[in-house]
Amino acid sequence: MSVSSPSGPAFPGNFLWGTATAAYQVEGAAAAGGRTPSIWDTFSHTPGLVTNGDTGDVACDHYHRLEEDLDMLAELGVGAYRFSISWSRVLPNGGTQLNPKGVDFYSALVDGLRGRGIAPVATLYHWDLPQELEDAGGWPHRDTAERFAEYAGRLGGALGDRVHTWITLNEPWCSAYLGYGSGVHAPARTEPAAALAAVHHLNLGHGLAVRALRASVDPAARVGVTLNLHHVRGVSDADTDAVRRIDALANRAFLGPMLAGAYPPDLIEDTASVTDWSFVRDGDTAAAQAPLDLLGVNYYNPVLVRQWDGASPRSTADGHADGAASPWIAAGDVEFVRQPGPYTQMGWNIDETGLTELLLRLHRDYPGLPMMITENGAAFDDVVDADGRIRDEARIDYLRRHLGAVAEAVGGGADVRGYFVWSLMDNFEWAHGYGKTFGIVHVDRETMRRTWKESAHWYRGVVAANALPATG
Ligand code: IFM
């Protein structure tokens with residue numbers, strides 16, 4: 001229970017405070033120690049796909065600066081660190097043979113965290129499919145789900161005695177719909193039916209991976225998944241059906257199979273013009289459902305939709321240009337409406353009330369399900385002042401609002417066990433390159449020097465107090 005105090009809201013005892021990153025966004029060392037290309041290496045090296053031609057070749061050079069970064073986490077005082085494992089670093093060439101150098105890197109990371117009293121939270125898949133597996137068909141292809149489970153089992157065997165929490169997938173919504181629907185993420189395919197097949201094989205892969213992990217890791221380790229659930233609102237009561245459809249594509253397409261062992265019938269019906277879902281075989285949805293210790297929730301902003309009248313100019317507030325392939329499969333008559341500001345550097349509106357509402361909805365729909373905010377944070381145009389300080393008040397305000405929203409949901413009964421700021425440091429923001437900065441730590445792109453922003457100092461205080469300061 002959240003309790004009021006003379007300062008700001010406090011969080012439950014044992015609340016896990018952390019920061020998060022992902023392999024391709026921070027590691028660099030793209031060809032070191034036997035690592036082979038993933039779909040994001042291919043994507044970022046394809047001219048025109050990433051702003052500025054940026055790639056993750058060097059990223060934050062975290063691979064070579066591991067000790068320094070571990071020390072930084074210790075100084076922040078966090079109890080946990082969420083990182084992801086690069087599949088093609090530990091199983092190069094899309095193969096099944098563990099690469100000792102790749103495993104050594106993650107072993108050193110895990111041991112370095114534990115040695116500093118920080119719980120390792122490992123995500124197995126944060127979008128970087130080995131290129132060979134994409135060449136063989138990628139996520140629309142069933143075999144990828146099986147290969148993912150094999151990978152999970154092997155990593156479970158290698159690190160399972162030391163990892164505190166395993167996350168199978170990060171944001172499968174992005175992998176499926178941005179990777180195979182709108183094509184703005186790797187592997188840049190724009191095939192609506194393939195996007196829905198990818199949804200299914202990600203769900204299946206998750207369920208199989210949970211079983212592979214349970215069979216190979218310490219029984220005390222937690223296993224979960226991270227979803228970027230969308231809090232969907234309608235402009236008016238007339239838009240209920242638009243809300244339902246986007247909720248089905250964005251949320252229930254994953255929550256259904258993973259938590260209830262079935263796809264929502266309305267999703268199947270809504271997308272019938274695109275696919276007959278014959279890629280779902282008997283037993284698949286039961287396999288996708290595996291008891292979870294926690295649901296990871298990534299939240300940035302809510303979405304606002306309405307039924308498009310088909311005549312007026314279409315809003316492109318969901319970020320895809322008019323006429324371009326949409327991530328919203330078979331929902332061409334739903335319009336995403338620009339919401340009131342303020343906005344972050346990504347153009348995303350800031351509205352923490354969506355986070356409280358989302359957590360309370362999950363609490364209602366899946367009573368007793370422990371949750372963790374596995375990502376929340378904001379990109380802003382940070383300025384390094386003449387004195388070297390980065391006074392990112394807007395980010396502090398964003399974090400304060402959203403932590404308040406978490407506390408409110410906890411007060412309403414939601415079982416939220418932890419919170420991870422996205423991100424520990426400025427990094428490769430996918431198709432946006434390095435220009436969009438989410439870090440609480442600034443990374444100089446020339447020298448790789450890390451500098452704490454004011455938000456990092458502020459967050460350290462929150463973590464230490466297990467509470468928000470009264471005035472922020
Ligand atoms: O940087 C990403 C992260 O990799 C996944 N969740 C959203 C973040 C901000 O866009």
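When a ligand or atom number is given, it counts from 1 through the structure's own listing order.
Of all the atoms in ligand 1, the ones that sit under 4.0 Å from a non-hydrogen atom of F438 are 9 (C), 10 (O). Residue Q25 approaches ligand 1 through these ligand atoms, each under 4.0 Å from one of its heavy atoms: 1 (O), 3 (C), 4 (O).
Close N/O approach between N298 and ligand 1 is not found [any backbone or side-chain N/O within under 3.5 Å]. For ligand 1, the polar-atom distance check finds an N/O of W430 within less than 3.5 Å of one of the ligand's N/O atoms. Ligand 1 has no nitrogen or oxygen under 3.5 angstrom from a nitrogen or oxygen of W127.
Once rounded to the nearest 0.5 Å, the distance linking OG of S455 with CD of E393 reads 9.5 Å.
A salt bridge links R116 and E67; the closest N-O separation between the charged side-chain nitrogens and carboxylate oxygens is under 4.0 Å.
Side-chain rings of F428 and Y24 approach one another, their centers coming within less than 6.0 Å. The six-membered or imidazole ring of W173 lies near that of W328, with a centre-to-centre distance under 6.0 Å.
At least one heavy atom of W348 sits less than 4.0 Å from an atom of ligand 1. The closest approach between any non-hydrogen atom of K436 and ligand 1 is not below 4.0 Å.
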| task | Would you sort out whether Y299 and H402 count as a ring-ring contact (aromatic ring centres under 6.0 Å, His included), showing the intermediate values? | result | CA-CA 9 Å; Y299 175 88; H402 287 79; 5.7 Å; yes
| query | Going through the checks in order, is the salt bridge (Lys or Arg N to Asp or Glu O under 4.0 Å) test met by D247 and R233? | reply | CA-CA 9 Å; D247 182 56; R233 294 170 173 151; over 6 Å; no
| message | Let's go through D444 and R450 carefully: what are the C-alpha distance in whole Å and the side-chain angles of both, what is the deciding distance for salt bridge (Lys or Arg N to Asp or Glu O under 4.0 Å) to 0.1 Å, and is it a yes or a no? | response | CA-CA 7 Å; D444 183 294; R450 279 80 163 126; over 6 Å; no
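From the protein, the heavy atom lying nearest to atom 10 (O) of ligand 1 is E429 OE2, 2.6 Å. Atom 7 (C) of ligand 1 has E375 OE1, 3.2 Å as its closest protein atom, hydrogens excluded (heavy atom only).
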